[in-house]
> 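Pasting in a structure now, in structure tokens, and then I'll have a few things to ask.
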2 protein chains.
Amino acid sequence: MRLSTKGRYAVTAMLDLAIHDGKGPVTLADISQCQGISLSYLEQLFAKLRRDGLVEGVRGPGGGYRLAKTAAAISIADIITAVDEKVDATLCEGKENCQDGDRCLTHELWSSLSTQIFEYLSAINLAEFLARPSVQAIIERERASQAGAEKMVMSS
Amino acid sequence: MRLSTKGRYAVTAMLDLAIHDGKGPVTLADISQCQGISLSYLEQLFAKLRRDGLVEGVRGPGGGYRLAKTAAAISIADIITAVDEKVDATLCEGKENCQDGDRCLTHELWSSLSTQIFEYLSAINLAEFLARPSVQAIIERERASQAGAEKMVMSS
DNA sequence: GTGATTCCCGACTGAATTGCTCTGGTACTG
DNA sequence: CAGTACCAGAGCAATTCAGTCGGGAATCAC
């Protein structure tokens, strides 16, 4: 269980998809431009998200990515474990029993804590997260600035 | 806020110190042997822990490290931030307002989540963690094997 | 069909970080 | 003073991060 910028990119992008859920797929180019990260790097992240069945791609013009499940069925933990391939490859994978016997605490103490963080993140799904007031405020602010830039779209 | 093996080493070592709290300092050589990591690496970690006022060293024979505060006054978050110097240096440090205006979710969504994890880890202190049944079970098992190896100590 | 758009896939790279070693100190105690 | 233990810094192999490049394959508009 790692918690790095890689996971942040993935979570933010997934939230982006969740917002546009039901309103057509979102292209990686848009996410790339908005988040300020390279398109190829995003492609690598989404390849993992796709392998884990979290998103599905729609090819061709007007295509992009959309959520493969409902927003409520995708947890933050799902996203992070998908991209941050968990390397809990501890030195002693359960077999070590600390046989020198003096003062020893094995990794079990840590994994106990790590599991709790994982369960905590598992309890948060995209739909619930988006419904939070603090998050809604950001989205509303986004929507306001989006209306201001609507002249660029010229379709609707 | 990162969550890697570095933090795990530190937390596990600090739990080790908390268990032996009041029973004399613990040497790094012991922790090094038991956790299976190098002594110099441990020294680096403990240098950071000491700089943050979490532990204090006792020099000379019979010396070692002990907690600088009570176990209840040290949270897991304290330990992790001490060794895992937080690099939440996001690209746009609050000033970016995502002005291309289309579909954009900034780092604020992530930091909202990151803050919650931090607060969650802040709420757990060493004393409370050690008092948990699952952790106590491990300690008791340790103590049993320690009694088995008591012949090596020959002092008590 | 043709071409444009978009996803898909793999390899490669420079920089940073991790985990660790080595060397040489300094402070304290018996 | 000799041994134990902390303190400090350079350095190093492996891994990861973030990104680049180049080429495919599916889909839609025409």
Side-chain angles (χ1 to χ4, degrees), chain A residues 1-10 12-13 17 20 24-33 35-68 80 83-92 107 110 155, chain B residues 1-13 17 24-33 35-52 54-66 68 80 83-91 107 155:
Chain A
M1 187 74 196
R2 207 178 307 139
L3 215 48
S4 64
T5 59
K6 198 173 184 177
R8 191 192 65 195
Y9 286 146
T12 310
L17 262 59
H20 294 80
V26 181
T27 70
L28 289 190
D30 285 334
I31 300 177
S32 165
Q33 191 183 5
Q35 284 203 37
I37 60 178
S38 80
L39 188 126
S40 292
Y41 191 45
L42 263 183
E43 284 180 345
Q44 290 171 30
L45 296 182
F46 271 77
K48 294 179 179 178
L49 293 174
R50 202 177 61 89
R51 272 195 284 274
D52 278 33
L54 299 180
V55 299
E56 54 188 11
V58 180
R59 302 195 190 195
Y65 278 100
R66 71 163 73 101
L67 298 181
I80 292 179
V83 297
D84 262 354
E85 62 272 7
K86 59 170 178 296
V87 273
D88 76 332
T90 46
L91 303 176
C92 38
H107 55 280
W110 173 260
S155 64
Chain B
M1 188 73 196
R2 206 179 308 139
L3 215 49
S4 64
T5 59
K6 199 173 184 176
R8 190 192 67 194
Y9 285 145
V11 170
T12 309
L17 261 60
V26 181
T27 69
L28 288 191
D30 285 334
I31 300 176
S32 165
Q33 191 183 4
Q35 284 203 37
I37 61 179
S38 80
L39 188 127
S40 293
Y41 191 44
L42 263 182
E43 284 179 348
Q44 292 171 26
L45 296 182
F46 271 77
K48 294 181 178 179
L49 293 174
R50 202 181 62 89
R51 270 196 286 274
D52 278 32
L54 299 180
V55 299
E56 55 187 12
V58 180
R59 305 192 190 198
Y65 278 100
R66 72 163 73 103
I80 292 180
V83 298
D84 261 354
E85 61 272 6
K86 61 170 177 293
V87 272
D88 76 332
T90 47
L91 304 176
H107 55 282
S155 64

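Values in this document were obtained by computation on a predicted structure and should not be read as measured data. All chains are named by letter (A, B, ...) in the order of the sequence lines, taking the proteins before the strands, and each is independently numbered beginning at 1.
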> Closest approach of B:Glu43 and B:Leu28, non-hydrogen atoms and distance?
CG-CD1, 3.5 Å

> What is the separation between atom CD on B:Glu56 and atom P on C:dA27, rounded to the nearest whole Å?
18 Å

> So, B:Thr12 side chain and B:Arg8 main chain: donor-acceptor pair closer than 3.5 Å or not?
yes

> From CG of A:Leu17 over to C1' of C:dC7, roughly how many Å is that when rounded to an integer?
13 Å

> Between the base of C:dC8 and the side chain of A:Glu43, is there a donor and acceptor pair under 3.5 angstrom?
yes

> Could you tell me the separation between the CG atom of B:Leu42 and the C1' atom of C:dC22, rounded to a whole number of Å?
16 Å

> Could you check how far CD of A:Gln44 sits from P of D:dT16, rounded to whole Å?
14 Å

> Using a cut-off of strictly less than 4.0 Å, decide whether A:Arg50 has a side-chain nitrogen or oxygen near OP1 or OP2 of C:dC9.
yes

> Phosphate oxygens OP1/OP2 of C:dT26: is one of them under 4.0 Å from a side-chain N or O of B:Arg59?
no

> Please name the pair of heavy atoms, one in A:Leu39 and one in A:Ala29, separated by the smallest distance, quoted to 0.1 Å.
CD1-CA, 3.6 Å

> Does A:Leu39 reach a base, just sugar-phosphate, or nothing at all? Heavy atoms under 4.0 Å.
nothing

> Is there a donor and acceptor pair, one atom on the side chain of B:Ser40 and one on the base of C:dC20, closer than 3.5 Å?
no

> Is the phosphate of C:dT6 approached by A:Tyr65 (side-chain N or O, under 4.0 Å from OP1 or OP2)?
no

> To the nearest Å, give me how far apart CD1 (A:Ile31) and P (D:dG19) are.
15 Å

> Look at A:Tyr41 and D:dT16 and indicate whether a side-chain polar atom (N or O) is within less than 4.0 Å of OP1 or OP2.
no

> Over 60° means perpendicular and under 30° means parallel, so tell me whether B:Tyr41 and B:Tyr9 are parallel, tilted or perpendicular.
perpendicular

> Taking atom P of C:dT6 as reference, at what distance in whole Å does atom CD of A:Gln33 sit?
12 Å

> Using atom CZ of A:Arg66 as one end and atom P of C:dC7 as the other, report the distance to the nearest whole Å.
12 Å

> How do A:Gly62 and A:Arg51 order along DNA chain C: which one's closest nucleotide is nearer the 5' end?
A:Gly62

> To the side chain of A:Lys6, which of C:dT6, D:dG19, D:dC17 is closest?
D:dC17

> A:Pro61 side chain: which of D:dC17, D:dT27, D:dG19 is closest?
D:dT27

> In whole angstrom, give the distance that lies between atom NZ of B:Lys48 and atom P of D:dA8.
13 Å

> Check A:Leu54, A:Ile31, A:Leu49 against A:Leu17 for a side-chain contact (heavy atoms from CB on, under 4.5 Å) and give me the one that passes.
A:Ile31

